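First listed ligand is number 1; within each ligand, the first listed atom is number 1. A quick note: this is a predicted structure, and the numbers were derived from the prediction, not measured.
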Amino acid sequence: MVKFKTVRGMRDLLPDEARAMRYVEGVARDLAESYGYEEVITPVVESYELLSAKVGEEIRKRMYAFIDLGRRKVALRPEFTASIARLVVATLRNKPKPLRLFCIGSLYRYDEPQLGRYREFWQSNYELIGSKEPEADMEVLALTDELLRRLRIRGYQFKVGHVGILRGILEQEGIKEVEQNYVMQLLDKKDYVKALEFVKSLGVSERCVEALKGAFEARGDRPLDALKPFKALLKGYDAALLALDNLMDVLNLASESGLKLNVFVEAGFARGLEYYTGMIFEPFVPELNVALGGGGRYDRLIELFGGEPTPAVGVAHGIDRIVLAMRKQGILPMVKERLSVAVVPIDEGLKALAFKVASALREAGARVEVEILGRSVSRALQDADRRGLVYAVLIAPDELRSGEVVLRDMRKREQRTVKLEDLTKEVGLA
Ligand code: AMP
């Protein structure tokens with residue numbers, strides 16, 4: 001018989017990992033509530049055409065795409081935003097704006113498996129639809145900051161840029177969108193040299209080359225200082241100048257509102273997804289060289305999918321990578337465990353009572369495991385001890401005659417008889 005393994009790049013998440021993932025999920029969900037984002041659940045399988053339209057070449061070629069039995073070309077979602085844009089166009093178009101939508105779930109990309117890069121991974125995703133104002137951009141930055149803060153992650157920094165700067169320059173030089181996309185892909189991979197060579201091969205002006213070089217150098221953790229000298233190089237590139245001002249507006253608003261964002265600004269920053277039109281960002285921690293999330297403004301996607309022109313901004317947080325960062329920082333596990341209790345009936349006739357006792361303890365909030373292997377008391381206790389349970393309740397005929405059970409404190413290795421009716425109080429739950 002063949003021994004089955006998980007498919008390459010796919011993982012089983014064992015209890016420790018699953019608990020950590022669900023913990024982050026819980027915090028992300030709570031955050032959505034406190035910012036007024038309502039949850040929607042969209043399908044994992046969507047039409048290939050929808051998912052591939054604006055996702056960018058890098059992700060497009062890594063999609064799990066296939067023909068279904070009805071001969072439709074479909075794919076497993078590699079990200080959430082296309083689904084949300086579809087939903088807004090098809091179903092939510094008459095809802096008053098702004099719309100704040102939250103979703104959480106698994107995504108699929110045929111990436112090369114490595115630390116922090118899996119073929120199935122999880123995101124919590126927030127979309128703010130209907131505002132073109134800097135306060136909307138700031139909101140998604142702020143909620144990302146708050147998520148990382150609530151999780152007690154240390155030393156994170158936001159890499160921030162604006163797609164409109166580079167696209168503005170290229171657009172004004174008459175460079176077509178597909179070629180712009182190629183430049184953005186090269187920049188996403190930090191291949192500045194190749195990007196410049198390619199742009200030169202298209203016959204752009206010398207001024208354009210200088211502006212692009214300036215953009216690649218305009219970076220630093222003091223946004224104003226990094227961007228000010230660069231502004232002079234953008235003279236005459238009106239759209240790029242507007243983009244730069246917009247980026248400054250977002251960052252100023254953030255700092256004036258008291259949000260102490262640790263920002264590293266990069267005018268030449270690009271992200272793989274093609275639908276971005278404005279501010280983009282990614283949070284990083286020093287312990288990992290991959291981003292914990294990614295976000296940005298996409299003002300034309302909804303229109304492209306047949307809706308009214310609708311500005312929007314969103315962010316996705318990579319739950320797997322957040323857990324990885326927390327593990328590296330030694331802040332896992334931080335999940336409050338329930339009080340754990342083993343219930344062991346000592347003779348055959350007491351099995352049913354064991355379930356009743358277990359129910360009462362569970363109702364009071366304990367995690368209860370009933371002995372179901374028919375083991376001797378000493379074996380059952382040995383196992384409870386090995387697995388770190390806090391109490392064992394032994395149900396024995398002698399004690400039961402006076403309405404009592406034996407309560408054993410597994411850590412102190414002490415036991416005493418207690419009244420059955422007082423059990424939840426005796427373990428500290430009532
Ligand atoms: P992206 O839209 O590609 O920037 O992805 C947003 C976030 O999702 C990233 O910053 C990661 O945290 C997470 N992510 C993307 N791809 C993967 C992957 N292959 N494995 C794990 N997490 C991923």
Identify each donor-acceptor pair in which a side-chain atom of residues 227-243 lies under 3.5 Å from a protein atom, sequence neighbours left out, and give them as a table.
unit_1, atom_1, unit_2, atom_2, d
K231, NZ, D245, OD1, 3.0
Y237, OH, E173, OE2, 2.7
Y237, OH, C208, N, 3.3

For this session: Kindly state whether the ring of Y182 and the ring of F198 have centres lying under 6.0 angstrom apart.
Result: yes
Problem set entry | Residues lining ligand 1 [heavy-atom distance under 4.0 Å, listed by chain and residue number] | R109, D111, G116, R117, Y118, F121, Q123, R271, L273, A291, L292, G293, G294, G318, R321
Exercise. If you take all heavy atoms of R327 and A20, which pair is closest and at what distance?
Worked result: NH2-CB, 4.5 Å
Using atom types as modelled, flag every donor-acceptor pair under 3.5 Å from a side chain in residues 298-308 to any protein atom, sequence neighbours excluded.
unit_1, atom_1, unit_2, atom_2, d
Y298, OH, E127, OE1, 2.5
D299, OD1, R297, NH1, 2.8
D299, OD1, A312, N, 3.1

Please list every donor-acceptor pair under 3.5 Å in which a side-chain atom of residues 93-105 meets a protein atom from a residue at least two apart or in another chain.
unit_1, atom_1, unit_2, atom_2, d
R93, NH1, V89, O, 3.3
R93, NH1, A90, O, 2.7
K97, NZ, R93, O, 3.4
K97, NZ, K95, O, 3.1
R100, NE, E139, OE2, 2.8
R100, NH2, E139, OE1, 3.0

Problem set entry | T277 and Y275 side chains, donor-acceptor separation under 3.5 Å | no
